[in-house]
Structure formats: C-alpha cells, structure tokens
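A quick write-up on the structure given underneath.
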There are 2 protein chains.
Amino acid sequence: MGITIQEASRRSGLSAHTLRYYERIGLIHEVERDPSGHRAYTESDLAWLDFLTRLRSTGMPIADMCRYAELRRRGPGTTAERRRILEAHRERVRTRIARLTEDLGILDYKIDFYATTEAR
Amino acid sequence: MGITIQEASRRSGLSAHTLRYYERIGLIHEVERDPSGHRAYTESDLAWLDFLTRLRSTGMPIADMCRYAELRRRGPGTTAERRRILEAHRERVRTRIARLTEDLGILDYKIDFYATTEAR
DNA sequence: GCTTGACTTCGAGCGCGCTCTAAGCGGCAA
DNA sequence: TTGCCGCTTAGAGCGCGCTCGAAGTCAAGC
C-alpha cells in the first residue's frame with residue numbers, strides 16, 4: 001500500500017540516500033513504516049517533497065527549509081509566518097531572475113562579438 | 001600606478017583572498033607586481049574579473065571558467081571554441097531562468113493560498 | 001537452511017568554492 | 001630602532017548539501 005523508498009526516489013528525483021537525509025534533518029516528518037520497518041511514503045509525503053524540491057531548486061538554503069518545515073509541523077497557527085518566509089524567498093527569486101536576465105544580455109553580446117570576429 | 005589588491009577587491013566585489021585564489025587556479029593570469037612584490041592590477045584585469053564574476057553568478061563552474069580562461073590565454077585561434085562554451089552556457093542560463101520563472105508561479109500560488117486562508 | 005537483495009541506522013567522506021592561518025617580508029612613522 | 005600594517009606564500013580548514021560505506025535485519029526464492 002505504502003510507497004517504497006525506491007518508488008519515492010523515482011518519483012521525486014531525489015536519491016534514497018537524500019530522502020533518508022531529508023528525514024533525518026527534519027525536512028520530512030516521521031515517514032510511516034511497514035511491518036518490517038521499511039519506509040512507506042504517502043501521496044501527501046510526495047506532494048510535500050515536490051514542494052521542497054521547488055524551494056531547493058530556487059535556491060532556498062536547507063536551513064530555511066527546515067524552519068519552514070517545522071512551522072508546518074506546528075500547525076495552522078503558523079501560516080502567517082510561513083507566508084512571510086515564502087514572500088521573502090519570492091523576492092530573492094525575482095532578484096535572481098532579473099540578474100540572470102541581465103547577465104544573459106552580456107553573454108549574447110560576447111557571443112555576437114565572437115561571431116562577428118570569426119566572420120571577418 | 002597599478003591597482004592594489006584592496007582596490008581590486010573593492011571594485012570587483014571579491015575578497016583579496018579570492019583574488020589570490022583565482023590567480024592561483026589560473027582564472028587570472030600572472031598579475032603584474034610592483035617593486036616590492038605586491039600585486040598591481042590593470043584596468044584590463046578588472047574588466048576580465050568583471051566578466052568572470054558574471055560567469056560565476058550565472059552558475060558556471062570554476063572548472064569551466066578555467067577552461068575558458070586557458071583558451072583566452074592561448075590567443076585568437078581559440079575564439080570558435082570559446083564561443084561554443086559561451087553558447088552552451090547561455091542555453092543553461094536560459095533553462096535556469098525558465099525553471100525559476102515556473103517555480104515563481106508555484107510560490108505565488110502558495111502565497112495566495114495562505115493569504116486567502118488567513119482572510120477567511 | 002542458505003543465498004540474495006533491498007532495506008535499516010549511523011557516522012564518515014566528498015566536491016565545490018572559497019576562507020582563513022601561519023610565518024615572513026617591506027616600507028613608513030614615531 | 002622599534003613597532004605596525006598590509007602585503008606575500010603555501011597549505012589547512014570550513015560550510016553546504018549531499019553521498020557513501022559498514023554492519024545489521026528481514027523476506028522471498030531456490
């Protein structure tokens with residue numbers, strides 16, 4: 001019934017090692033176990049993992065993610081603070097995109113320059 | 001006449017430690033010295049540093065930057081390869097921006113959700 | 001019963017990109 | 001001349017985010 005660690009790994013794109021690591025540091029809370037002690041992930045765990053990987057891929061540090069995860073565990077009284085964390089992070093992501101876009105322009109310029117020089 | 005390491009640090013945004021490190025690994029080539037052996041950077045060094053920091057900030061690994069720096073040192077016969085490196089990198093940057101933009105949408109959605117829940 | 005293989009825990013190890021320390025030198029001011 | 005400051009080198013150390021290894025358990029198949 002539960003989802004094995006291999007399956008969770010396949011679906012989340014994280015290695016089994018990383019899944020255990022995430023649990024150990026508190027990013028995922030107490031995954032259920034089958035009778036022989038093996039992890040049995042739920043769909044809800046996978047949805048949470050999916051969100052976590054998005055935070056990661058946008059550059060949120062593990063420590064901040066842990067903070068967020070802890071608030072989530074503490075329940076509905078923490079939504080305002082969670083929202084603030086996400087808003088602050090969103091701002092960083094926007095800044096990051098702006099900077100990348102700017103640097104992309106420089107890259108275009110350099111590449112054009114090489115192309116022109118070669119054509120000469 | 002030459003620019004001191006402190007000045008180069010201030011203008012590049014890199015620490016003096018990092019400037020020496022970059023030179024040691026070959027990212028910057030043989031910075032000139034004043035009579036007492038202290039580094040004397042040129043405007044051209046600073047322009048190059050500026051470009052390097054852009055490559056870094058767009059996520060190019062140090063190893064790739066070293067490769068690029070070496071081609072540059074080898075002279076004008078290597079422009080085609082340098083262009084290819086930049087083009088490949090540009091593609092990665094574009095992908096990265098696309099991914100970030102997508103994740104930004106998820107972040108917006110989550111934040112809206114919290115805002116709505118709180119307002120209820 | 002024995003092998004195989006995937007799981008478990010816990011702690012050590014790794015790769016990257018710096019960052020810092022130790023030991024020493026040169027130049028200037030008091 | 002003494003003290004201080006900022007530079008020099010070579011090499012060690014660090015923080016992050018995994019990643020791996022060792023040693024053990026359990027269930028299934030031969």
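In what follows, chains carry the letters A, B, and so on, assigned in the order in which the sequence lines appear, proteins first and then strands, with residues in each chain numbered from 1. Any value given below was found using the heavy atoms of this structure, including those in side chains, with hydrogens, waters and symmetry copies removed.
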### Task
Show your working on side chain to side chain contact (heavy atoms under 4.5 Å, CB included) between A:L19 and A:R39 and close with a plain yes or no.
CA-CA 10 Å; A:L19 288 176; A:R39 285 171 180 80; over 6 Å; no
### Query
After noting the C-alpha distance and the side-chain angles of B:L14 and B:Y21, does the key distance pass the side chain to side chain contact (heavy atoms under 4.5 Å, CB included) rule?
CA-CA 10 Å; B:L14 299 167; B:Y21 164 68; over 6 Å; no
### Task
For the pair A:L55 and B:D103, evaluate side chain to side chain contact (heavy atoms under 4.5 Å, CB included) and give the outcome as yes or no after the intermediate values.
CA-CA 8 Å; A:L55 292 182; B:D103 290 348; over 6 Å; no
#### Entry: Derivation of the side chain to side chain contact (heavy atoms under 4.5 Å, CB included) call for B:R54 and A:E102
CA-CA 10 Å; B:R54 275 178 198 280; A:E102 187 194 323; 3.4 Å; yes
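In this structure, A:I25 places its CD1 atom 17 Å from P of D:dG15, rounding to the nearest Å. Atoms CG (B:D34) and C1' (D:dG6) sit 12 Å apart, rounded to a whole Å. In this structure, A:L19 atom CG and C:dT9 atom C1' are separated by 16 Å, rounded to whole Å. Rounded to whole Å, the distance from CD on A:E7 to C1' on C:dC7 is 15 Å. One atom, CZ of B:R33, and another, C1' of D:dC7, lie 10 Å apart when rounded to the nearest Å. Distance CD1 (A:I28) to C1' (D:dG17): 14 Å, rounded to an integer number of Å. The distance between atom CD1 of B:I5 and atom P of D:dG6, rounded to the nearest whole Å, is 13 Å. Spacing between atom CD of B:E30 and atom P of D:dT8 amounts to 14 Å, rounded to whole angstrom units.
The structure places OG1 of B:T58 at 8.5 Å from CZ of B:R56, a figure rounded to the nearest 0.5 Å. Rounding to the nearest 0.5 Å gives a distance of 11.0 Å between NE2 of B:H89 and OH of B:Y68.
Between A:E70 and A:R73, no side-chain nitrogen of the basic residue sits less than 4.0 Å from a carboxylate oxygen of the acidic one, so the salt-bridge criterion is not met. Ion pairing between a basic and an acidic side chain is recognised when a charged N comes within 4.0 Å of a carboxylate O; B:E7 and B:R10 show such pairing. The pair B:R20-B:E23 fails the salt-bridge criterion, with no side-chain N (NZ, NE, NH1 or NH2) lying under 4.0 Å from an Asp/Glu carboxylate O.
For B:Y22, the side-chain atoms get nearest to C:dC18 when compared with the rest of C:dC18, D:dC18, D:dT8.
Residue A:R39 is classed as a sugar-phosphate contact, given heavy-atom separations below 4.0 Å to backbone atoms only.
Summary for the helix from C:dG1-D:dC30 to C:dA30-D:dT1: the axes at its two ends, each from 5 pairs, differ by 20° when rounded to the nearest 10 degrees.
For the segment residues 43-61 of chain A, no residue has any heavy atom less than 4.0 angstrom from an atom of DNA chain C.
Residues A:I62 and B:E23 each lie close to DNA chain D; by heavy-atom proximity, the contact nearer the 5' end of the strand is made by B:E23.
When only modelled atom types and interatomic distance are considered, B:D50 and B:T53 share no side-chain donor-acceptor pair under 3.5 Å.
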### Query
Could you run down nucleotides 19-30 of chain C 5' to 3' and tag each one B, S or - for protein heavy-atom contact under 4.0 Å?
BBB----SS---
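Heavy-atom contacts from other residues, nucleotides or ligands closer than 6.0 Å to CD of B:E32 number 12 or fewer.
Closest approach of A:R90 to B:L107, counting heavy atoms only: CA-CD2, 3.7 Å.
Residue A:Q6 places at least one side-chain N or O under 4.0 Å from the OP1 or OP2 atom of C:dC7. For A:R20, no side-chain nitrogen or oxygen approaches OP1 or OP2 of C:dA6 to under 4.0 Å.
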